[in-house]
K.L.:
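Take a look at the following structure, please.
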Amino acid sequence: MATDKHLLLIDGNSVAFRAFFALHSQVNTFINHDGLHTNAIYAFNTMLDVVLKEFKPTHVLVAFDAGKTTFRTKEFAEYKSQRAKTPSELSEQLPYLRQLLTAYGIKSYELANYEADDIIGTLAKEASQAGFQVDIVTGDRDLTQLATAEVTVNVTVKGVNQTEAYTPEHVMEKYGLQPKQIIDMKGLAGDTSDNYPGVRKVGEKTAIKLLKEYDSVEGVYEHLDDLKASKMKEHLQEDRSNAFLSKKLATINTAAPIKVSVTELKRQERDLDKLIEFYKEMDFNSFLSKLDSAVAPTEVAAKTTIKFEQLTNENIKQVLAKFSGPVVFYLEMLASNYHTSDFAGFVIGQEDHWYFGRDIKLLQQPDFVAFFADNQQAKLVFDLKRTFVGLNRLGIRLNGTTFDLLLASYLLNTNDNSNDLGKIAQLHQYSDVATDEEVYGKGSKKALPENETEFAEHLARKARAIEQLQPKLSHELEANDQIGLFNELEIPLALVLAQMEIAGIKIDKDRLNDMRGSFKERIQQIQEKIYAEAEEEFNINSSKQLGAILFEKMNLPVIKKTKTGYSTAVGVLEKLKGIAPIASDVLDYRGLTKIQSTYITGLLKVIHPEDGKIHTTYLQTLTQTGRLSSIDPNLQNIPVRDEDGRQIRQAFVPREKGWQIFAADYSQIELRVLAHISHDKNLQAAFKEGMDIHASTAMRIFNLDSPADVTPNMRREAKAVNFGIVYGISDYGLSQNIGITRLQAKNYIDNYFREYPNVQKYMTDIVQSAKDHGYVETLFHRRRYLPDINAKNFNLRSFAERTAMNTPIQGSAADIIKVAMLNMHKALEEHKLKATMLLQVHDELIFEAPDDEIPVLRKLVPQVMDSAVDLEVPMKVGFGSGPTWYNVKD
DNA sequence: AACCTCACG
DNA sequence: ACGTACGTGAGGTTA
């Protein structure tokens with residue numbers, strides 16, 4: 001494909017717009033020293049680097065819109081008139097984009113009365129006739145009408161760093177239309193964002209159907225008489241002129257009177273002096289340091305120098321004695337699992353005195369051990385839990401941590417959930433530290449740099465970044481009213497989680513091995529049955545092959561399709577059960593193989609060879625709501641709903657004979673949280689009276705007088721409504737979930753909101769608050785930004801709205817159990833119990849304890865969990881114990 | 001690496 | 001008209 005004639009055309013306004021919203025959540029952190037917003041410039045620059053690298057064009061042009069009036073507004077005064085004004089934070093950035101492009105040696109162009117689209121269309125045509133390969137980059141799908149064999153239209157997805165390439169084939173795949181029919185589709189469907197009408201009640205779907213039949217708008221109207229009488233036909237007739245007008249508006253002009261020719265667009269070298277000046281003006285330190293490494297490519301990307309000294313047995317005493325005030329400590333482990341990873345090295349220091357060591361035994365020197373144990377000696381770290389576990393493996397107890405850069409960054413913005421110090425530093429405008437990928441590489445090539453100085457300097461830079469970012473992030477936490485959440489919840493919780501991970505849970509390996517044998521036989525039997533039914537052998541695990549068998553060979557009805565083929569998901573197979581026994585067998589097969597691969601062999605693989613336990617890793621800084629997640633292995637999704645899978649829990653046992661597993665869970669914690677934050681009297685009454693909440697909801701939404709009138713099916717439906725409420729309900733979602741019509745679902749929801757009016761008020765208010773502030777909060781001030789809450793795109797916006805409703809509920813529940821865990825950990829210590837907290841599964845805590853402590857736990861655990869917070873409704877905690885996790889019962 | 005499927009709260 | 005339930009992780013296949 002390499003050619004010496006490759007033209008890249010960028011739709012400047014459209015990409016700038018996408019760039020602006022890609023970093024919209026950070027619009028107030030991307031401000032330069034003159035108070036100029038820079039988020040769109042930054043993201044635009046990133047995009048530019050990506051596409052230049054990807055397409056390696058010889059010629060480049062960025063086209064901009066010239067102004068509001070164009071030949072289209074002459075045609076149709078309302079064109080784009082509904083469009084909200086470009087935010088001033090964005091429009092102030094546009095002139096600087098031109099500066100950036102100039103420094104990059106790239107021409108930009110605009111033309112009075114024409115839009116950027118028309119410039120691009122005209123040049124694309126001209127260039128492809130002149131033998132150029134052309135790539136267009138835009139955020140606007142309308143441009144896919146320009147796709148040809150020579151012209152590829154790359155539409156930005158997920159921000160601006162990724163594009164989807166529309167060739168004519170891809171347009172066909174996506175829409176089932178040829179590129180030139182895109183304008184016919186727009187003609188019929190109209191475009192709300194550009195504010196032209198199309199035909200009433202005709203959307204993309206209907207338009208595509210019509211065009212497949214009649215090819216074009218003209219074709220549709222020529223054959224209008226063939227259509228049988230319908231509302232749609234009436235609309236088509238009435239809106240005929242709109243359809244033709246809309247098509248005209250959607251059509252890109254490929255003969256605009258432009259004054260540049262392709263040959264003038266040859267890409268020039270970047271003007272490094274200009275670019276450096278520009279980046280300094282914008283405070284783009286990360287781009288600056290990249291530029292440095294481009295100028296002097298052998299050096300690690302960082303712009304200042306750093307000094308360090310080797311730590312040795314001889315100087316430890318003096319080094320430690322000299323410290324005063326908070327000390328930064330960073331321990332490096334390269335492998336993904338820190339419970340088993342080798343130690344690579346460490347750095348310790350303060351105020352630009354950094355001490356580096358590769359020999360981990362140095363840390364075990366008594367002065368050092370005492371230093372770590374000293375609660376009065378403040379330490380600053382990155383990833384406290386990881387550091388605690390690492391030191392614990394060396395027999396060292398870490399106390400006195402006052403700051404964790406990773407945790408602080410997560411609380412400030414859960415959207416930036418990287419675990420890489422370098423990346424996090426960059427997000428906070430600190431660029432003097434490389435990312436691990438830059439220094440160590442990735443995948444199989446990940447390794448320490450050969451040059452030890454480079455390694456030491458990388459660690460020293462990390463330490464310095466922690467120290468320098470601490471005041472800024474602490475200040476931001478304070479501004480967000482999150483100091484309590486940070487100091488009193490997440491920091492101490494990191495230590496509790498670390499100790500749970502370290503404790504691990506004992507596994508009965510023999511039990512798992514026995515199960516492996518019996519599952520293997522059952523799988524074999526059912527596999528043979530399926531082969532017999534299919535009359536051939538195939539890979540049942542392959543949804544593609546399975547689809548071919550079911551829907552092509554056996555001709556079963558296609559219920560649902562996925563992007564790539566036939567869906568064979570549970571719901572589909574359930575529907576086929578009645579007509580084809582093979583569907584039911586495939587379901588059984590899937591159930592068994594899932595248990596076998598994920599839970600039996602999967603868990604056997606991660607049993608620690610020395611202690612026979614499984615040590616999971618909790619991710620404390622990942623979820624958007626404040627929940628934990630569990631990996632390597634995930635112990636938060638061990639089967640419980642089906643009996644076959646549930647038996648896996650028989651392998652989770654106490655670490656010693658004469659001990660038991662004890663488990664306690666919050667009942668309906670999310671609905672209780674909702675009752676609390678909505679102050680809804682009716683919902684609160686149900687909890688205060690200790691009613692069965694789903695039955696209570698059923699009585700209200702079905703208007704029943706007595707609990708005895710609630711049928712099991714009513715309770716089931718009411719339960720689904722309660723779930724739906726928590727998730728941010730929609731009639732469609734509810735109707736799908738319980739198999740009723742959308743109208744019925746809407747009816748249920750209306751009834752619900754009538755019975756629980758303050759819940760409805762909460763939903764309305766929280767969405768409005770999210771729109772006003774850009775984020776929502778939990779009871780404990782955990783924050784989630786919702787950059788899409790004001791999006792024009794219906795899907796993005798709706799999703800953000802549901803998230804706004806759900807996050808305070810799910811997140812507050814997460815806060816509450818975290819408090820309970822802290823208090824529980826303290827209580828076990830205070831009561832000097834041997835009992836150990838092992839696992840957390842969102843609303844549930846699992847312990848192991850000697851038999852004689854079980855009666856103590858039965859009182860203590862519910863009491864501690866109950867009193868974690870004081871809500872307007874009571875908490876309820878269920879609990880039980882038994883010889884294995886499977887057998888816990890009251 | 002992306003997709004599908006399915007395990008949990 | 002739009003097309004969905006909220007939050008996760010892992011194994012297997014396919015590209």
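Chain identifiers are assigned alphabetically (A, B, ...) following the order of the sequence lines, protein sequences preceding nucleic acid strands; residue numbering begins at 1 within each chain.
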K.L.:
Mind calculating the distance between CD1 (I523(A)) and P (dG11(C)) to the nearest angstrom?
P.N.:
15 Å
K.L.:
Under 5.5 Å between ring centres and under 30° between planes: does that hold for Y727(A) against the base of dC6(C)?
P.N.:
yes
K.L.:
Examine the side chains of Y618(A) and Q636(A) and answer whether a donor and an acceptor come within less than 3.5 Å of each other.
P.N.:
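No.
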K.L.:
Start at the 5' end of DNA chain C and walk down; is the nucleotide closest to G724(A) or to K201(A) reached first?
P.N.:
K201(A)
K.L.:
So which atom in I677(A) and which in P808(A) form the shortest heavy-atom distance, rounded to 0.1 Å?
P.N.:
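The pair with the smallest heavy-atom distance is CD1-CB, 4.4 Å.
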K.L.:
Minimum heavy-atom separation for T625(A) to T807(A), with atom names?
P.N.:
CG2-OG1, 4.2 Å
K.L.:
Which nucleotide, dC8(B), dT5(B), dC6(C), lies nearest any side-chain atom of P639(A)?
P.N.:
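Ranking dC8(B), dT5(B), dC6(C) by closest atom to the P639(A) side chain puts dC8(B) first.
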K.L.:
Taking the basic N atoms (NZ, or NE/NH1/NH2) and the acidic carboxylate oxygens, is any pair closer than 4.0 Å for E670(A) and R627(A)?
P.N.:
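Between R627(A) and E670(A) there is a salt bridge, with a charged N closer than 4.0 Å to a carboxylate O.
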K.L.:
Give the minimum heavy-atom separation between M185(A) and Y175(A), together with the two atoms involved.
P.N.:
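Residues M185(A) and Y175(A), closest heavy atoms: CE-CE2, 4.0 Å.
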K.L.:
Could you tell me whether R783(A) sits above the aromatic face of Y775(A), with NZ or CZ closer than 6.0 angstrom to the six-membered ring centre and within 45 degrees of the axis?
P.N.:
yes
K.L.:
Counting any heavy atom closer than 4.0 Å, what does E670(A) reach on the DNA or RNA strands: base, sugar-phosphate only, or nothing?
P.N.:
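Contact class for E670(A): none.
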K.L.:
Using a 4.0 Å heavy-atom cut-off across all strands, classify T807(A) as base, sugar-phosphate, or nothing.
P.N.:
nothing
K.L.:
For D843(A) and dG7(C), give me the distance from atom CG to atom C1', rounded to whole Å.
P.N.:
13 Å
K.L.:
Using a heavy-atom cut-off of 4.0 Å across all strands, would you classify N637(A) as base, sugar-phosphate, or nothing?
P.N.:
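It contacts base atoms.
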K.L.:
Could you list by number each residue of residues 591-608 of chain A showing a heavy-atom separation from DNA chain C of less than 4.0 Å, or answer none if no residue does?
P.N.:
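The stretch gives K594(A), S597(A), T598(A) as the residues lying under 4.0 Å from the strand, ordered by number.
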K.L.:
Looking only at the side chain of T623(A) (C-beta and beyond, no hydrogens), which of the listed nucleotides dC4(B), dC6(B), dT8(C) gets closest?
P.N.:
dT8(C)
K.L.:
Looking for any heavy atom pair under 4.0 Å, which part of the strands does E844(A) touch: base, sugar-phosphate only, or nothing?
P.N.:
nothing
K.L.:
For side-chain contact (heavy atoms from CB on, under 4.5 Å), just list the numbers for Q668(A) and F687(A), CA-CA rounded to whole Å, side-chain angles, deciding distance to a tenth of an Å, and then say yes or no.
P.N.:
CA-CA 10 Å; Q668(A) 307 297 349; F687(A) 285 120; 4.1 Å; yes
K.L.:
Do F753(A) and V759(A) have side chains that get closer than 4.5 Å, going by heavy atoms?
P.N.:
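With C-beta onward as the side chain, the pair touches.
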K.L.:
Please work out the stems of DNA chain C from pairs that are Watson-Crick or G-U wobble with both distances under 3.5 Å, keeping only runs of three or more consecutive pairs.
P.N.:
B:1-9 with C:6-14
K.L.:
Tell me which nucleotide among dA5(C), dT5(B), dG9(C) gets nearest to the side chain of T568(A).
P.N.:
dT5(B)
K.L.:
Assign S542(A) to base, sugar-phosphate, or nothing according to its heavy-atom contacts below 4.0 angstrom with the strands shown.
P.N.:
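Sugar-phosphate contact only - S542(A) comes under 4.0 Å of backbone atoms but never of a base.
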K.L.:
Ignoring hydrogens and geometry, is there a side-chain-to-backbone donor-acceptor pair from D642(A) to D644(A) under 3.5 Å?
P.N.:
no
K.L.:
Of all the heavy-atom pairs spanning A243(A) and V217(A), show the shortest one and how long it is.
P.N.:
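Minimum heavy-atom contact is CB-CG1, 4.3 Å.
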K.L.:
Heavy atoms under 4.0 Å, any strand shown: does D632(A) hit a base, just sugar-phosphate, or nothing?
P.N.:
sugar-phosphate
K.L.:
dG7(C) phosphate, OP1 or OP2: any side-chain N/O from Q636(A) under 4.0 angstrom?
P.N.:
no
K.L.:
Specify the separation, in whole Å, of atom CG of N795(A) and atom C1' of dC6(C).
P.N.:
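Atom-to-atom, N795(A) to dC6(C), this comes out as 16 Å.
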K.L.:
In this structure, how many angstroms lie between the C1' atom of dG7(C) and the CD1 atom of I817(A), rounded?
P.N.:
14 Å
K.L.:
Is a donor-acceptor contact shorter than 3.5 angstrom present between the side chain of R590(A) and the base of dT5(B)?
P.N.:
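By the distance-only test, no, there is no pair.
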K.L.:
Whole angstroms only, please: what is the CZ-C1' distance between R802(A) and dC2(C)?
P.N.:
12 Å
K.L.:
Which part of the nucleic acid, if any, lies within contact of R641(A), taking any heavy atom under 4.0 Å across all strands shown: a base, the sugar-phosphate backbone alone, or nothing?
P.N.:
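Base, at least one base heavy atom under 4.0 Å.
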K.L.:
Looking only at side-chain atoms of A569(A), point me to the closest of dT5(B), dC6(C), dG9(C).
P.N.:
dT5(B)
K.L.:
dG3(C), dG9(C), dG7(C): which one has an atom nearest the side-chain heavy atoms of L619(A)?
P.N.:
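Nearest to the side chain of L619(A) among the choices is dG9(C).
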K.L.:
When you compare the ring of F799(A) with the six-membered ring of dT4(C)'s base, are the centres less than 5.5 Å apart and the planes under 30° from each other?
P.N.:
no
K.L.:
What's the gap between dG3(C) and dA7(B) when it is taken at their P atoms, as a whole Å value?
P.N.:
29 Å
K.L.:
Taking the same atom, P, in dT4(C) and in dC4(B), what whole-Å distance lies between them?
P.N.:
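Going atom to atom, P in each nucleotide, I get 12 Å.
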K.L.:
Please list, in numerical order, the residues of residues 736-750 of chain A that have a heavy atom closer than 4.0 Å to any atom of DNA chain B.
P.N.:
none
K.L.:
Flag this pair as yes if the NZ/CZ of R802(A) is under 6.0 angstrom from the six-membered ring centre of F799(A) and inside a 45 degree cone about the axis; otherwise no.
P.N.:
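Output no; distance or angle outside limits.
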K.L.:
From the options dT5(B), dC3(B), dC6(C), select the nucleotide whose nearest atom is closest to the side chain of T564(A).
P.N.:
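The closest nucleotide is dC3(B).
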K.L.:
From the options dT4(C), dG7(C), dA5(C), select the nucleotide whose nearest atom is closest to the side chain of N806(A).
P.N.:
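So the side chain of N806(A) is nearest to dG7(C).
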K.L.:
Under 4.0 Å between any heavy atoms, over every strand shown, what does S567(A) touch: base, sugar-phosphate, or nothing? Just pick one.
P.N.:
sugar-phosphate
K.L.:
For residues T206(A) and K201(A), report the shortest heavy-atom separation together with the two atoms involved.
P.N.:
OG1-O, 4.5 Å
K.L.:
With heavy atoms under 4.0 Å as the rule, sort V841(A) into base, sugar-phosphate or nothing.
P.N.:
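The residue V841(A) makes sugar-phosphate contact but no base contact.
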K.L.:
Go through dT8(C), dA5(C), dT5(B) for me and flag the one nearest to the T562(A) side chain.
P.N.:
dT5(B)
K.L.:
Can you tell me how far C1' of dC3(B) sits from CG of N541(A), to the nearest Å?
P.N.:
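To the nearest whole Å, that distance equals 15 Å.
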K.L.:
Can you tell me the distance, in whole Å, between the CD1 atom of I648(A) and the C1' atom of dC8(B)?
P.N.:
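Atom CD1 in I648(A) sits about 14 Å away from atom C1' in dC8(B).
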K.L.:
For the residue pair H615(A) and H339(A), categorise the inter-ring angle as parallel (less than 30°), tilted (30 to 60°) or perpendicular (more than 60°).
P.N.:
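Rings of H615(A) and H339(A): tilted, as their planes differ by 30° to 60°.
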K.L.:
Within the 4.0 Å heavy-atom criterion, would you say G728(A) contacts the bases, only the backbone, or no part of the nucleic acid?
P.N.:
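Here G728(A) touches no strand at all.
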K.L.:
Have a look at N539(A) and say if it touches a base, only the backbone sugar-phosphate, or nothing, with a 4.0 Å heavy-atom cut-off.
P.N.:
sugar-phosphate
K.L.:
Counting heavy atoms from C-beta on, name the nucleotide in dC4(B), dA10(C), dG7(C) closest to the side chain of I631(A).
P.N.:
dA10(C)
K.L.:
Shortest non-hydrogen contact from D815(A) to L779(A)?
P.N.:
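In this case the closest contact between D815(A) and L779(A) is OD2-N, 3.9 Å.
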K.L.:
From CD of Q840(A) over to P of dG9(C), roughly how many Å is that when rounded to an integer?
P.N.:
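Distance, rounded to whole Å: 13 Å.
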K.L.:
Determine the contact category for I729(A): base if any of its heavy atoms lies under 4.0 Å from a base atom, sugar-phosphate if only primed atoms, P, OP1 or OP2 are that close, otherwise nothing.
P.N.:
base
K.L.:
Under the 3.5 Å rule, do the base of dC6(C) and the side chain of Q810(A) count as making a donor-acceptor pair?
P.N.:
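Result: at least one qualifying N/O pair found.
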K.L.:
State, without any angle test, whether Y748(A) and Q744(A) hold a side-chain donor-acceptor pair at a distance under 3.5 Å.
P.N.:
no
